[in-house]
Each structure stands twice: as structure tokens, then as C-alpha cells.
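Reminder, nothing fancy here: chain letters follow the sequence lines and each chain counts from 1.
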Amino acid sequence: MKRLDCLKAIYPQLEDCAVVTIMGAVAAELYSLGHRPNFFYLEHAMGLASSIGLGIALSQPDRKVVVLDGDGSVLMNLGGLTTLARSRPNNLVHVIFDNETLLSVGGGAPGGYKWFTTATSAGTDLAGIAKAAGFPRAQLVHELGDFEEAALDAIKGDQLTCIVAKVDAEMPKSFLMDVHMLENRFEFPRALQSKGGVS
Amino acid sequence: MPVSVANSQVVYDAMKGVGVTLVSALPETWLVHLIRIADADPEMTLVRLAKEEEGVGVSAGAHFAGARSAMLMQNHGFLQAINGIVGVSLLYKIPLLMLITDRGSFGEKDPWQTEGGKYTRPVLDALHIAHDDLTRPDEVAPKMAHAMTLAQSSLSPVALLLQRDLMWEEPK
């Protein structure tokens, strides 16, 4: 399963959501589908994308928040899963793209070669951890159809959900993003706080 | 436990007075009443963290959503949160109000608290984070207001260091 295909599958449904992504491949590929002011790309502080999502979800309970995370980032803040689970915002969907490698910080290579793997390559089950942390719903998916169904269901639904998607350790076509971090930082809250909604 | 209930309330009221609606926290002795008061207040969202760095993200999210927030932690919690402070608050220019109980200064009886306190100010200074001490109850409200004003206008983290004289009442 390719990360880009997963993002394409949910892209139309992200229009009214607050979307927080991690750095690197996830940010670049979401951006490549068409930037929107309600997308925030966290280009550093690995592990904190879900914490930012939690702060938004608690402060705007009527807004759906979608966090697009990765295995490397989540493993840097495993305790964050327990904080999400106990806070249990029913408007947050935590998608974790699991490519079993620290791809975007140099752990991957063209052709999908993984030279710096994460523990998920050795059996660590992030969906199992999320479930055990107390997420009311946590699911591991391997096929695009299953991802699409689970993700769209979660975005439409009203339950804190974690979806772990096993994806290829493939580099994005380009890491280039023509939106400055600070431009993104200022447009994002403007979109979230505009009276007419995001779009 | 000789933690000042009255002054904890003063700090809490000042925090609410500057518009804070979300507090993320990890406990330590001096913070027990503050956290209990936050928990009992239906107008306040209390986020119980597993580690302090998460709170920097939570506060950034609250800011994006238009809410004012604060973090409650101890010196070691601040030291633990440094990467988040640099990689979120400073990098993205996001206001962050940190209330840090300043353990390890004169009068500290717990040997294990004596190290972290030594580095709190130098690290704040190294990061160019404006900070001030809260020592007397009458200075809490004005300093809290000044701290929040600077955080919002400079889009930066700021720190208020809660001092022993404010938070602790020696048993008579």
C-alpha cells in the first residue's frame, strides 16, 4: 500500500477538518495533492503532531481533527497515545502511516531500501499499543480499500480512532513545498478561527 | 502538606484572569492544589500529561484553535520539554505561558531537587525566554498579566517561576 494512495483516498474528506501532519514524506505528499489553509505541517518536534491535534480537538470540540502521523514520530512520544486515550476527544482521528523505517530523517533510501528501521519492523504493533492505551477504536490495515473504509468511517464518526496503515517505505517524488513554515503557521489558525468555517 | 492553598488559589485566579481556559500539567508537590483547583473548575480543561513536552504541542494546538492555555510543571519538566519548546514554540513563533515551580533554590531540603534548579534560569536565558519570579501573592496577578501580554505580542514562550516563599508554608 502506498502512502500517497491513502492520502488521495481521504483528501476530499479533509476539506472541513483541521489537519496536522508530521514532517517529511507525509507533509510533502499531502502538499502535492493540493495545499489548503486548514493543513498544518509540523516540520520538527517529532512526536508532537498528535499533541497539537489534541489541543485543537479540546479547544474546538465541533471541529474534526485529523492527525497524519508516522511510526517513527509516534515512537518518540508513545506516552502521547495514553494522553490522547484518557482525554478521549471524540473529534480526533489519528492516522499513523507505518513504513517501519525512519524514512524522512534519512533512514530510508530510494527503491524502498530500509537501512534504519523502527521497532515496528521487528513486531511492535502500534495499533495494539493504541488499543491497550485505551483508544476506543484502533485498527491495523494493510490494503487500500480497508484503509479508505476505516478512515472515512472515522472521519464521519464521533469516536477517538487510531488507524495504523502499513505502507511502503517509499520516498515522495519531491520534498519541495512552496509554503513557508511561518506562512503555514499563520494561515492555519486563521482558517480554524474564521467564522465561515475552513473552506 | 504545607503547600499554600491560599496562594495556589491566587495563582489560579490570576491564570484565569488572563483568559486561560486550558491547562496541561504534571504534578509535583508545590502544584498539588493548583492542579486540584483546575480539575474542580468546570470552566477549565485540564490535560493530564504523561511527559511535559506533550504540553507544548497541546498549547500550540489550543493557540491555533483560538484558546489561551498554560503549562504547569517543575524544573525537570521544563528541562524535559526543551525540544518541544525549540521545535514548536520558538520555531513557529507560538505563545506559551509556562508556570514552573522553582525547586532546588535556597531552603531546599530534598537532595534530589537540588540539581535541576541550578539550570532552569541559564537554560531559559540561553533560549532567550523572558522569565520572572512569583514570590509574593500581591505580585502574582500583575506579573501574570504582563507575562501573558508579552507571550501574545512577541509570539514566544514566557516563564513564571513559582518560588518557595509563595508556594510553601513551613509548619509552625
Side-chain angles (χ1 to χ4, degrees), chain A residues 18-20 22-23 37-63 65 67 69 73 76-89 91-92 133 180-195 198, chain B residues 19-27 35 38-39 41-73 77 80-97 127 152 154-157:
Chain A
V19 181
V20 181
I22 53 167
M23 43 77 73
N38 56 309
F39 297 168
F40 178 70
Y41 315 101
L42 179 63
E43 297 291 357
H44 224 302
M46 287 174 72
L48 294 192
S50 64
S51 307
I52 292 175
L54 177 60
I56 299 169
L58 293 174
S59 305
Q60 289 195 352
D62 295 329
R63 161 100 53 203
V65 180
V67 177
D69 221 326
S73 283
M76 291 193 197
N77 182 17
L78 271 184
L81 290 177
T82 67
T83 305
L84 276 176
R86 71 181 304 181
S87 302
R88 204 170 282 209
N91 54 333
L92 193 147
H180 192 275
M181 282 171 46
L182 290 181
E183 184 183 353
N184 185 216
R185 173 258 179 270
F186 286 107
E187 71 177 348
F188 183 63
R190 199 175 294 129
L192 264 51
Q193 294 171 43
S194 69
K195 291 230 162 36
V198 163
Chain B
V20 170
T21 56
L22 184 151
V23 165
S24 59
L26 261 95
I35 293 172
D39 193 27
D41 182 354
E43 292 173 359
M44 188 64 74
T45 301
L46 173 66
V47 182
R48 291 182 168 85
L49 305 171
K51 229 173 179 184
E52 286 83 355
E53 190 188 8
E54 295 172 59
V56 181
V58 172
S59 275
H63 173 74
F64 290 152
R68 288 187 172 189
S69 69
M71 282 178 73
L72 303 179
M73 60 198 156
Q80 199 287 320
I82 297 298
N83 179 57
I85 291 167
V86 176
V88 178
S89 307
L90 291 169
L91 187 63
Y92 280 98
K93 302 196 181 301
I94 296 171
L96 176 66
L97 177 62
L127 297 174
Q152 298 291 332
S154 65
L155 304 172
S156 307

Which heavy atom in [X] sits nearest to a heavy atom in [Y], and how many Å separate them?
{"X": "A/His44", "Y": "B/Leu91", "result": "CB-CD2, 3.8 Å"}
{"X": "A/Leu48", "Y": "B/Gly84", "result": "CD1-CA, 3.8 Å"}
{"X": "B/Leu22", "Y": "A/Ser59", "result": "CD1-OG, 3.9 Å"}
{"X": "B/Ala60", "Y": "A/Ile52", "result": "CB-CG1, 4.2 Å"}

Test item: B/Glu54 side-chain N/O and A/Ser51 main-chain N/O as donor-acceptor pair under 3.5 Å: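 Absent.
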
To the nearest 0.5 Å, what is the distance between [atom1] ([X]) and [atom2] ([Y])?
{"X": "A/Leu78", "Y": "B/Lys51", "atom1": "CG", "atom2": "NZ", "value": "10.5 Å"}
{"X": "B/Leu155", "Y": "A/Leu182", "atom1": "CG", "atom2": "CG", "value": "9.5 Å"}
{"X": "B/Phe64", "Y": "A/Ile56", "atom1": "CZ", "atom2": "CD1", "value": "7.0 Å"}
{"X": "B/Lys93", "Y": "A/Met181", "atom1": "NZ", "atom2": "CE", "value": "9.5 Å"}
{"X": "B/Leu49", "Y": "A/Leu54", "atom1": "CG", "atom2": "CG", "value": "8.5 Å"}

Among the listed options B/Gly66, B/Gly55, B/Ser69, the residue most often paired with chain A at heavy-atom distances under 4.5 Å: B/Gly66

Contact class of A/Leu42 relative to chain B, heavy atoms under 4.5 angstrom: both

Which portion of A/Arg86 sits near chain B, non-hydrogen atoms under 4.5 angstrom: side chain

Are the side chains of [X] and [Y] in touch, meaning some heavy atoms are under 4.5 Å apart?
{"X": "B/Tyr92", "Y": "A/Phe40", "value": "yes"}
{"X": "B/Glu53", "Y": "A/Asn77", "value": "no"}
{"X": "A/Met76", "Y": "B/Asn83", "value": "no"}

